[in-house]
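Here the structure is laid out as structure tokens; the discussion comes afterwards.
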Protein chains: 2
Amino acid sequence: MSFKLEQPVLAVDVVILRVRPPRLEALLLPRPDEPFRGALALPGVALRIEETLFEAARRTLREKAGWPGEAVQALYLEQLATFDALYRDPRGRTVSVAYLGLARSTPTLFPGGAWQAADAIPPGGLPFDHEEILAAAVARLRGKLRYTNIARVLLPPAFRIEELQAAYEAILGRAINRSNFRNKLLKLGLIEQERILLEAVGRQGGRPPHLYRFARARLEAEERDFL
Amino acid sequence: MSFKLEQPVLAVDVVILRVRPPRLEALLLPRPDEPFRGALALPGVALRIEETLFEAARRTLREKAGWPGEAVQALYLEQLATFDALYRDPRGRTVSVAYLGLARSTPTLFPGGAWQAADAIPPGGLPFDHEEILAAAVARLRGKLRYTNIARVLLPPAFRIEELQAAYEAILGRAINRSNFRNKLLKLGLIEQERILLEAVGRQGGRPPHLYRFARARLEAEERDFL
DNA sequence: GCAAAAGTGTTACCACTACACCCATGC
DNA sequence: GCATGGGTGTAGTGGTAACACTTTTGC
């Protein structure tokens, strides 16, 4: 490099969210080293000069969370924001680019990880500025839920409409009218009915539900005009 | 940095937008040094270890654009996103945190700056990845226009309603129905009428307009619920 | 009077809300 | 039958879109 300026360390922190109704959960890992050794925190790594931030976020999940490479490859991951308070890290000036990842609620993944209710972290419960990062991640997800089909990456390819509603309620943190939820998502063309009915496995009564899927495979935003 | 692992340079780039109907304009400055010497580009600086990114963005405007400190102090400025493509800078690995600034269209500011139509930059017209950064800035402004009172920082404290509509149209890049625009913003409580009528200076006919102001001084978002 | 700019009113339409009600299954 | 969960319909409400019309000025 031609520059010799003394510069901050560049790091990446990753917030992985999943939905397990009625909870919205975040992946936290016990820190193996000082500072805050043993405390639960967001996984993160220092950026290497030959990798992008996105690649560093994926590497975080492989190295720190022990997730297999293919699983990381399939994960939805987007840049969240960059956190740079001067004393956010007691070791010295560190600027961290946070990433938001969304995972399906598969029980086998992250067996060693601690999934915590994302909106019930006690104040002072996370080291560094990780509470702020986590709050930004939850806010981002809530915002995107309103005008995109992002919930697609949180649910299996086919699902009951009540599962979907439970996911929405867990993320937004409030109840939604059942009938209107259904009508709106169908009219928007966001989801559509599968042909088949769900097999009656593990159910204890009630009319068998249809299965639904998201109509569009890609992440899409419905632009709503201002006038 | 000799004692640390080799890391990218951390920089800040700033997009300043202003509205001059019918154009949305961005501040570009000729680069004083290589690479791309003489070409118009977004102003930027390398981050210093003792300053925050926000402070670095402000310093950029003082040092590169020559804007007086008080003017920078009053400017609306928010973090946009972080750009980190491996070869975005031919000098070597550089990660840049972009900031979006919004300025009132005061003719005296940035006399040496080149204000360019933000949506009419020819392809390949900007060095580095500055076209991508500029596009992200415009998209952010358009998005916030829909659900916040951010236009407040682009207009003088009191304005004619037609000025406001012209600003919205310049930013969104399309025409808006005059009557509905007025009704909606008033009903939302976003703007309110001043007491006085505008003096008839420099006008060539037509009914004299009222002056309006934004009802809330702070930046506010109107949360619209999903069901 | 006429053009220009500002402001008001009207109507049809559509989306949202809050319900009530019907359907299909297990027990 | 009855509880349970799934699915449908509807009436009231309120916002939106497109348009016509009135008011107040300069010339």
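Computed from heavy atoms alone, side chains included, the values below leave out hydrogens, waters and symmetry copies. As the structure is a prediction and not an experimental result, all values here were calculated from the model. So that the names make sense, note that chain A is the first sequence line, chain B the second, and so on, each numbered from 1.
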Is the phosphate of [N], meaning OP1 or OP2, less than 4.0 Å from a side-chain N or O of [X]?
X         : N       : value
Tyr212(A) : dG6(D)  : no
Lys184(A) : dA15(C) : no
His210(A) : dG7(D)  : yes

#### Entry: Stepwise ring pair (Phe, Tyr, Trp, His ring centres under 6.0 Å) check, Phe128(A) with Phe83(A)
CA-CA 11 Å; Phe128(A) 306 105; Phe83(A) 295 82; over 10 Å; no
Would [X] and [Y] pass as an ion pair if we require N to O under 4.0 Å?
X         : Y         : value
Arg88(A)  : Asp13(A)  : yes
Arg174(A) : Glu169(A) : no
Glu78(B)  : Lys144(B) : yes

### Message
Testing the 3.5 Å rule here: is there a donor-acceptor pair between the side chains of Asp84(A) and Thr52(B)?
### Response
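No pair is found: no donor N or O on one side chain lies under 3.5 Å from an acceptor on the other.
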### Task
Go through the side-chain N and O atoms of Tyr212(A) and Arg182(A) and say whether any donor and acceptor fall under 3.5 Å apart.
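There is such a pair between these side chains.
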Measure from [atom1] on [X] to [atom2] on [N] and round the result to the nearest Å.
X         : N       : atom1 : atom2 : result
Asn183(B) : dG14(D) : CG    : C1'   : 14 Å
Leu185(B) : dA17(D) : CG    : C1'   : 15 Å
Arg160(A) : dG6(D)  : CZ    : C1'   : 10 Å
Arg146(B) : dG15(D) : CZ    : P     : 20 Å
Leu188(B) : dT16(D) : CG    : C1'   : 12 Å
Leu186(A) : dG7(D)  : CG    : C1'   : 10 Å

### Message
If you assign each of Lys187(B) and Glu162(A) to its closest nucleotide in DNA chain D, which residue comes earlier from the 5' end?
### Response
Glu162(A)
### Query
Of the candidate nucleotides dT25(D), dT23(D), dG6(D), which contains the atom at the shortest distance from the side chain of Arg207(A)?
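It is dG6(D).
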### Query
ring pair (Phe, Tyr, Trp, His ring centres under 6.0 Å) with Tyr99(A): which residues, sequence neighbours excluded?
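If we apply the ring pair (Phe, Tyr, Trp, His ring centres under 6.0 Å) test to Tyr99(A), skipping adjacent residues, there are no hits.
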### Query
What residues in residues 175-182 of chain A put a non-hydrogen atom under 4.0 Å from any atom of DNA chain D?
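The answer is Arg178(A), Ser179(A), Arg182(A).
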